Each structure stands twice: as C-alpha cells, then as structure tokens.
Amino acid sequence: MEKFKRTTVTSALPYANGPVHIGHLAGVYIPADIYVRYLRLKGEKVLFIGGSDEHGVPITIKARKEGVTPQDIVDRYHGIIKKSFEDFGISFDVYSRTSSKTHHDVASNFFKTLYDKGEFVEQTSEQYYDEEAKQFLADRYITGTCPHCKNEHAYGDQCEACGTSLSPLDLINPKSAISGSIPVLKETKHWYLPLDKHESWLRQWILESHKEWKPNVYGQCKSWLDMGLQPRAVSRDLDWGIPVPVDGAEGKVLYVWFDAPIGYISNTKELCDGNPQEYGKWETWWKDPETRLLHFIGKDNIVFHCIVFPSMLKAEGSYILPDNVPANEFLNLEGDKISTSRNWAVWLHEYLEDFPGKQDILRYVLTANAPETKDNDFTWKDFQARNNNELVAIFGNFVNRTLVLTQKYFEGKVPARGELTDYDKETLKEFVDVKHEVEKLLNVFRFRDAQKEAMNLARIGNKYLADTEPWKLAKTDMDRVATILNISLQITANLAIAFEPFLPFTSAKLRGFIHLPKFKWSELGSIDLLPAGHQTSTSELLFEKIEDDVMEAQVQKLLNTKKANELANYEPKPILENIAFDDFTKLDIRVGTVIDCQKVPKADKLLQFKIDDGLGGRTIVSGIAQHYKPEDLIGKQVCFIANLAPRKLKGIDSEGMILSAEDADGKLVVVSPTNGVKPGSEVK
RNA sequence: GGCGAGGUAGCUCAGCUGGUUAGAGCGCAUGAUUCAUAAUCAUGAGGUCGGGGGUUCAAGUCCCCCUCUCGCUACCA
C-alpha cells in the first residue's frame with residue numbers, strides 16, 4: 001500500500017437500457033462508495049469514476065421497438081440512473097456516459113493506437129447483409145426459424161422459445177429485422193484482439209502476483225486461463241457506437257465491450273480537463289505507477305476486467321494495470337434471481353417513492369447482507385429486522401438516550417469530564433480498537449464485517465450506559481454523571497465518523513444533532529471531539545421503526561409481479577403460418593416403444609434411446625435428461641419424427657426426434673399415445 | 001461432462017499458514033433494568049463444521065471419492 005500515492009476507483013458502467021436496482025447497489029456501488037468515502041476521510045487522493053454504458057445492440061433494438069432513436073433511450077435511462085445514484089449518496093467524482101464526445105475521441109484514439117502498433121488481427125468472414133437497408137446485420141437483427149424448435153421468431157444469437165444459443169447461419173429462412181428482406185451472405189472484415197498472445201503474462205500477473213485477489217475472482221480467472229484464451233472481435237457492423245477509425249471500416253463500430261471500459265478513462269479525462277487545478281492531469285490517474293487502480297464490479301464482469309481490459313491496457317503500453325478487482329457475487333430477491341425483464345427487482349427510484357429519506361436503511365441492509373462470498377438473498381423481513389433490531393434499537397437508541405440525558409441534566413451542553421475510573425478507561429480503549437478493526441477490514445474489502453464493527457461502537461455505548469446508570473447517580477453524584485455523559489457524547493461523535501462511509505445521510509443528521517461540522521477519519525477514537533460547554537440539539541429520532549403492514553405491502557407488490565409473470569407465461573405462443581397439406585405429409589411421425597434408455601456420458605441434457613419402431617429398431621438422442629430419469633421411460637411409448645435426417649450428437653447417430661410438449665415453466669413432457677399401439681404405427 | 005465458487009448453530013455469516021471445551025450478529029429462553037422508539041444489559045439453550053474414506057500425535061482447516069446450490073462452458077434433431 002505504501003508504494004501508492006493515489007487511488008483510481010472505477011465502478012462497473014451500468015447498461016443504459018433500464019433503471020438500476022438493489023442488486024446493482026449491493027454488488028458494486030455501495031462497496032465502492034464506502035471504500036472511496038473511507039479513503040477521502042483519511043485524506044488520501046482518490047477519484048471515483050462512474051458512467052453509463054450506452055452502446056451495443058440491445059439499446060438499438062429497444063429503440064426500434066419503441067419507435068425512437070437509440071439516443072432517446074440512453075438519454076432517458078442515463079438520467080434515471082444518474083439520479084438514483086445521487087439520491088443514494090453514491091459519491092462519484094464524475095458520472096458521465098459513453099455517448100459523450102470525449103469518450104468517442106478517447107476510445108477512437110485508443111483503438112487507433114493499438115491498430116498502428118499492430119496489436120490486432122484482421123479477419124474476414126461471411127455475415128448476413130441486408131441489401132435493402134444496405135447494412136450488415138447484427139445477430140440480434142436477424143430472425144428466422146429455429147432449427148431446433150421450429151419457432152419462427154428466433155434471433156440470430158438465440159431462440160427465446162427453446163433457449164438455444166444460435167449462430168445466424170443456423171437459422172432457417174433468415175429475415176432481416178430491419179427491412180424484412182432476405183439477407184445475403186457477404187464478406188466483412190473485422191479486427192480481433194488476440195488474447196491468446198497475452199496469455200503468458202496474464203498467467204504470471206494474476207496467478208503468481210495477485211494471489212490476494214478474492215477467491216471467486218482468482219478462481220474464475222484461472223478457469224479462463226486454463227481453458228485457453230481465444231481472439232475476440234473488437235468491431236461490429238452496426239451504426240450505433242464509435243466508428244472504427246480506420247480506412248475501409250465504413251459502417252463498423254467498436255464492439256461495446258471494447259469501448260465500455262475505456263469509458264473509465266474518458267470519464268476521468270472529462271473530469272480532469274474540466275478542472276485541472278482540482279484534479280490534475282488525467283494521465284496521472286491512469287499511467288503513473290504510483291497510482292493504484294481498483295475496479296469494483298459484479299461477478300458477471302470478472303473476465304472483462306481481469307483479462308480483456310488489462311490486455312487492452314497492456315497492448316496500448318502506457319497504462320497501469322488494476323491492483324485489485326473486488327467483485328461481488330449476485331443478490332437474489334425473496335428467493336428468486338433478480339431480473340429486469342421479469343420485473344423481479346426492487347428499483348431504486350421506486351424504493352425512494354415508498355421510503356422517502358430512508359436510503360441509509362437500504363445502504364445498511366445491503367451492506368450487512370452483501371453477497372461478498374456467495375450469492376445472497378434480500379428479503380423484506382430481513383430488511384425490517386435489521387432496521388428495527390439494529391439501526392433503531394442499537395444505534396438510534398444509544399444516540400437518543402445520550403442526547404435525552406444530556407438535555408435532561410445539562411440543558412444539552414456537553415458537561416466537563418472529571419476523573420476517569422478504570423471502567424471508563426476500559427471502555428475508551430475498546431472503542432479505539434474499533435477504529436483499527438474497521439480499518440483492517442476495509443483495507444481488504446470486507447465491508448460487511450467492517451460495518452458490523454462500526455456498529456460495535458453503539459453496542460459499547462449502550463453497555464456503558466447500562467453499567468454506569470447515570471440516571472441513578474443523578475440523585476447523588478452529578479460530577480460522575482457529567483463524566484459519564486461526556487464519554488457517551490464522545491462515543492456519539494465517534495459514531496458519526498465511523499458511519500460516514502456506510503451511512504452518509506445518517507452521519508450528517510447525527511452531526512447536526514451534536515453540531516460537529518468538521519471531522520477526519522484520524523479523529524476516530526478520540527475522546528475530545530466535543531469540548532465541554534458545546535451545545536447539542538434536542539434530538540429528533542435517527543431511525544424509525546418499520547411496522548409489519550409496510551413490509552407486507554412490499555411483499556404483496558412482489559407477489560403481484562409474480563402473478564403477472566405467471567399470467568404472461570401462460571399465454572400460448574401465436575400459431576405459425578399455415579402450411580400446405582403436402583408439407584404435413586412429408587413428415588413421417590411414428591409411435592415407438594422405448595426398449596432401452598440411458599444417460600449420454602459427458603452431457604447433462606442428453607438421453608440415448610433404443611426405440612422399437614417395428615422395423616428393426618433405431619437409436620435416438622434427445623435433450624430431455626433434466627426432465628426424466630432414464631429408467632422411468634423404459635417400456636413407455638413415444639412419438640418421434642422418423643424421417644428426419646440423422647445427426648451425430650456427442651458421437652452418437654441420432655435417427656429421429658422424440659416429440660415433447662413444453663410446459664409454461666420450460667419443463668418438457670414426452671408425448672405418448674393414450675393406449676398402447678403397435679410399434680411403428682403412423683401418427684396422422 | 002469439464003472448470004470455478006460455495007455447503008459451519010433456526011437465519012445471515014467469521015474461522016489466517018492443521019493444535020486445548022468450534023465463534024459473531026439476529027432470532028429464541030430466563031433474569032436485571034427504566035435514561036431510551038417495549039428500546040437496553042446479563043446469562044443460557046442450540047452445531048457428529050454436506051456425506052464417506054485417508055494422512056497426522058492432532059483436521060472445519062491437508063488428500064481422495066460422493067452429494068447438493070450458484071456461475072462459466074459443452075451438449076438440447
């Protein structure tokens with residue numbers, strides 16, 4: 001740590017196609033904000049960089065669907081996201097966006113530098129081109145019939161009906177989603193970052209030099225490195241994004257994952273160029289070896305920030321590499337994965353409508369239950385318990401007791417401290433220890449435990465009051481009461497400092513109560529924060545209890561979402577276009593009896609069937625292993641397409657396709673005749 | 001199937017390079033207390049550390065096998 005003079009902290013750029021929810025906050029922004037506030041309080045030089053990620057295909061699709069421009073979409077969500085962060089006290093030095101002019105220039109130059117240095121590999125491949133719209137089609141812009149489930153509305157990268165990932169070339173009857181015309185294959189050139197060439201130094205850098213990274217991060221990197229790295233395309237044929245700054249690259253833009261992390265750099269530049277006196281030169285924050293670079297991210301981003309982006313920085317040559325990448329796991333909500341598309345989330349802007357002014361409760365709960373080592377679950381019950389039993393009962397209560405007693409006995413003025421007893425000294429020593437403990441934990445990104453440790457300060461205070469009982473002594477020994485309250489008030493002031501990184505709004509409110517305008521982290525542990533005679537205010541409450549009905553309303557809101565989702569899921573898919581009878585008769589569907597059935601080794605989803613088809617038997621491989629036990633199917637009759645061209649699966653020739661119905665929840669159920677029939681019977 | 005991360009008290013989690021009766025917070029029980037938002041304080045009950053085998057004088061901690069959860073990856077005619 002000593003070798004660094006300053007710290008650049010980045011937090012993952014949220015994708016501007018939707019608002020942000022508690023998962024974002026818990027995984028990335030709260031930990032980053034706590035860390036940054038902590039460093040600032042210590043007087044260290046630090047920049048906290050954020051911004052919206054505004055390029056990429058999903059934004060263009062959303063725009064098209066709504067009949068607006070991509071810029072409209074990102075303007076809308078950038079605004080909402082930025083406001084949410086401000087509302088929750090995420091203290092970015094800059095929150096900009098990748099559609100900015102600065103970013104376009106920086107990213108463009110970055111690419112150009114790598115291009116000129118020969119760090120890319122050029123490769124030409126065949127991709128679909130829309131001759132009417134005169135453009136190449138991104139995978140998402142091609143629709144067609146899924147070769148697996150025959151859904152006519154499959155996308156070029158994925159069929160949403162059966163969940164299969166596809167390549168555009170797999171689609172039957174591909175169609176352009178832009179013009180509706182039939183696309184043609186055309187050669188196109190793209191640039192690739194040859195990650196394989198970076199493998200050896202990455203291996204050394206991560207696996208040897210950064211064993212201190214969190215296990216989930218280190219393990220994920222090792223997994224990727226051991227699998228062997230492949231070149232990654234850095235350009236796309238698209239009109240939304242940063243144009244590839246090279247001759248002959250018309251109609252091509254930088255691939256979104258390439259431009260997004262550069263956004264950290266551009267946003268730094270924007271900040272520094274706008275106020276050089278305050279922030280200095282942007283290069284200092286990115287190129288000086290005495291700068292410590294930290295990326296706060298969620299686990300989905302590990303590979304980009306540990307492997308891809310460092311490779312880009314290394315290839316460029318003049319940049320420093322991240323010193324650590326503290327990545328969190330995921331937060332679930334009431335037992336289910338948070339999902340933007342299923343609206344299964346607690347949105348930050350909605351939370352503030354329901355709980356105005358209570359952002360610190362959410363900050364507290366999300367930190368106390370942060371997914372630091374594994375996925376965690378957010379429940380409203382836990383939210384209520386932590387508020388009522390911890391914030392209200394321990395923290396708020398201690399502050400309130402102290403201030404009320406001070407008011408009662410000393411008109412709100414800090415009383416002078418007399419001689420300290422041994423017990424007083426013991427108590428003081430304990431809360432000096434808290435400082436060291438919090439620091440130790442924050443330094444290794446253990447925010448959950450650090451916050452718990454800060455809470456200990458209030459516990460110490462409550463115990464101190466209970467043990468010394470100033471309300472009894474008030475009848476006999478006011479000097480002693482003065483000392484006790486003086487110490488209690490010092491503890492209160494310490495709480496304001498200790499909680500500033502975690503609960504900034506509460507800290508500010510508390511400082512208002514005790515009129516403590518200025519403070520530093522180094523003063524934590526001091527018993528001279530409030531001089532004798534200093535005035536404190538009659539307190540309002542720091543936290544309020546949350547009643548059951550309020551929580552029930554939130555749970556009900558989620559249940560309603562779930563119900564709405566179920567209804568939506570139950571809607572059957574629209575019927576496909578009519579076909580001629582001849583087309584039907586081309587299909588030869590038969591009934592067969594399962595003679596044998598077993599799992600295909602080394603495949604999770606495949607079962608291998610031996611079917612009696614009345615004609616000597618045949619082998620069929622079917623992807624239903626997750627829905628049936630092999631032995632349960634033996635002896636059953638199934639329907640299968642008998643004249644489908646055979647295909648090898650995991651080395652086994654599959655001679656046909658077993659028919660299954662897909663239930664609303666995605667469960668596959670084999671179609672079977674209601675009464676037994678002779679094997680080989682035709683289905684008409 | 002391969003790889004990665006997890007599986008420790010009712011719940012959420014600590015347990016560093018193996019070392020005496022396995023810890024914390026919440027919840028629960030009992031007692032004390034009233035300055036405080038029925039808040040606080042003390043005490044206590046609760047775990048064969050996912051299962052099995054092994055190494056060792058000694059294993060939650062190291063090795064092997066199995067099992068469950070999550071993620072990446074392959075497979076879904």
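Bear in mind that the values here come from a model prediction, so they are computed numbers and not experimental data. Letters A, B, ... are given to chains in the order of the sequence lines, protein chains preceding strands, and every chain is numbered from 1.
Going from the C1' atom of B/rC35 to that of B/rG15 covers 38 Å, rounded to whole Å. Straight-line distance between the P atoms of B/rG25 and B/rG44: roughly 13 Å, to the nearest whole Å. Taking atom C1' in both B/rU61 and B/rC16, the straight-line distance is 10 Å, to the nearest Å. Separating the C1' atom of B/rG31 from that of B/rC49 is a span of 32 Å, rounded to the nearest Å. Nucleotides B/rA5 and B/rC41, compared at atom P, are 40 Å apart to the nearest Å. Between B/rA29 and B/rG10, the distance separating the two C1' atoms is 14 Å to the nearest Å. Here, B/rG46 and B/rA24 have their C1' atoms 15 Å apart, quoted to the whole Å. B/rG60 and B/rU12: their P atoms are spaced 23 Å apart (whole Å).
Across B/rU8, B/rU34, B/rC75, the shortest atom-to-atom separation from the side chain of A/Leu606 is found for B/rC75. Here the side chain of A/Trp224 is nearest to one of B/rA36, B/rC72, B/rC75, namely B/rC72. When distances run from any side-chain atom of A/Arg448 to the nucleotides B/rC70, B/rA14, B/rC3, the shortest one goes to B/rA14. Which of B/rA39, B/rG71, B/rC76 sits closest to the side chain of A/Ala393 comes down to B/rA39. The side chain of A/Asp467 lies closest to B/rC41 when the candidates are B/rC35, B/rC41, B/rC75. Checked against B/rU12, B/rU37, B/rU34, the side chain of A/Trp471 finds its nearest nucleotide in B/rU34. Among B/rC75, B/rU33, B/rA5, the nucleotide with an atom closest to any side-chain atom of A/Pro215 is B/rA5. Closest approach to the A/Arg446 side chain among B/rU8, B/rC70, B/rG15 is made by B/rG15 (side chain taken as heavy atoms from C-beta onward). The side chain of A/Asn369 approaches B/rU12 more closely than any other nucleotide in the set B/rC41, B/rU12, B/rU37. Of the candidates B/rU37, B/rC35, B/rC41, B/rU37 carries the atom nearest the A/Phe543 side chain, counting heavy atoms from C-beta on.
Spacing between atom CG of A/Asn462 and atom P of B/rC26 amounts to 11 Å, rounded to whole angstrom units. Remark: C1' of B/rC16 and CD of A/Glu437 are 13 Å apart, rounded to the nearest angstrom. Following rounding to the nearest Å, A/Phe383 (CZ) and B/rU12 (P) show an atom-to-atom distance of 19 Å. Put simply, NZ on A/Lys374 is 10 Å from P on B/rG6, counting in whole angstrom units. Rounded to whole Å, atom C1' of B/rU73 lies 15 Å from atom NZ of A/Lys299. The OH atom of A/Tyr218 sits 14 Å away from the P atom of B/rG6 (whole-angstrom rounding). Between A/Leu225 atom CG and B/rC72 atom C1' there is a gap of 14 Å when expressed in whole angstrom units. The nearest whole Å value for the distance from the CG atom in A/Leu607 to the P atom in B/rC76 is 13 Å.
Under the 3.5 Å distance criterion, the side-chain polar atoms of A/Asp477 are matched with a main-chain donor or acceptor of A/Arg480. For A/Trp344 (side chain) and A/Leu333 (main-chain N/O), a donor-acceptor pair under 3.5 Å exists by modelled atom type.
In this structure, A/Lys452 reaches the bases: a heavy-atom distance under 4.0 Å links it to at least one base atom across the strands shown. A/Asp604 comes within contact range of at least one nucleobase, with a heavy-atom separation under 4.0 Å. Residue-level contact check: A/Leu473 touches neither bases nor backbone, having no heavy atom under 4.0 Å from any strand. Across all strands, A/Asn389 comes closer than 4.0 Å only to sugar-phosphate atoms, never to a base (heavy-atom distances). Note on A/Val621: only backbone sugar-phosphate atoms sit closer than 4.0 angstrom, heavy atoms only; bases stay farther off. Heavy atoms of A/Lys408 sit under 4.0 angstrom from primed sugar atoms or phosphate atoms, though from no base atom. Nucleic acid contact for A/Leu649: sugar-phosphate only, since backbone atoms but no base atoms lie under 4.0 Å from a heavy atom of the residue.
Between the side chains of A/Gln626 and A/Lys605, no donor-acceptor pair of N or O atoms lies under 3.5 Å. Between the side chains of A/Tyr464 and A/Asp424, at least one donor N or O lies within less than 3.5 Å of an accepting N or O. Side-chain atoms of A/Gln451 and A/Asp449 form no donor-acceptor pair, as typed in the model, at a separation below 3.5 Å.
For RNA chain B, if you chain together Watson-Crick or G-U pairs that step i with j, i+1 with j-1 and so on, the runs of at least three with distances under 3.5 Å are B:1-7 with B:67-73, B:10-13 with B:23-26, B:28-32 with B:40-44, B:50-54 with B:62-66.
One distance of note links CZ of A/Phe355 with CZ of A/Phe383; it measures 5.0 Å at 0.5 Å rounding. Taken from CG in A/Leu606 to NZ in A/Lys599, the straight-line distance is 8.5 Å, to the nearest 0.5 Å. Distance NE2/A/His627 to OG/A/Ser622: 9.5 Å, rounded to 0.5 Å. A distance of 7.5 Å separates CG of A/Leu202 from CG of A/Leu195, quoted to the nearest 0.5 Å.
Checking the phosphate oxygens (OP1, OP2) of B/rA74, no side-chain nitrogen or oxygen of A/Lys650 falls inside 4.0 Å. Between A/Arg459 and B/rA24, a side-chain N or O to OP1/OP2 separation shorter than 4.0 Å is absent. Distances shown here put a side-chain N or O of A/Thr373 below 4.0 Å from the OP1 or OP2 atom of B/rA14. For the pair A/Arg401 and B/rC41, the criterion of a side-chain N or O lying under 4.0 Å from OP1 or OP2 is not met. Side-chain N/O atoms of A/Lys545 include one lying less than 4.0 angstrom from OP1 or OP2 on B/rA39.
Partners of A/Val432 according to the side-chain contact (heavy atoms from CB on, under 4.5 Å) rule, which considers only residues two or more places apart in sequence or in another chain, are A/His436.
Nucleotide B/rG6 is shown with an anti base, its glycosidic torsion being more than 90° from 0.
Counting all heavy atoms, side chain and backbone alike, A/Ala450 lies closest to A/Leu442 at CB-CD2, 3.7 Å.
Comparing A/Ala645 and A/Lys599 by the nucleotide of RNA chain B that holds the closest heavy atom to each, the one mapping nearer the 5' end is A/Lys599.
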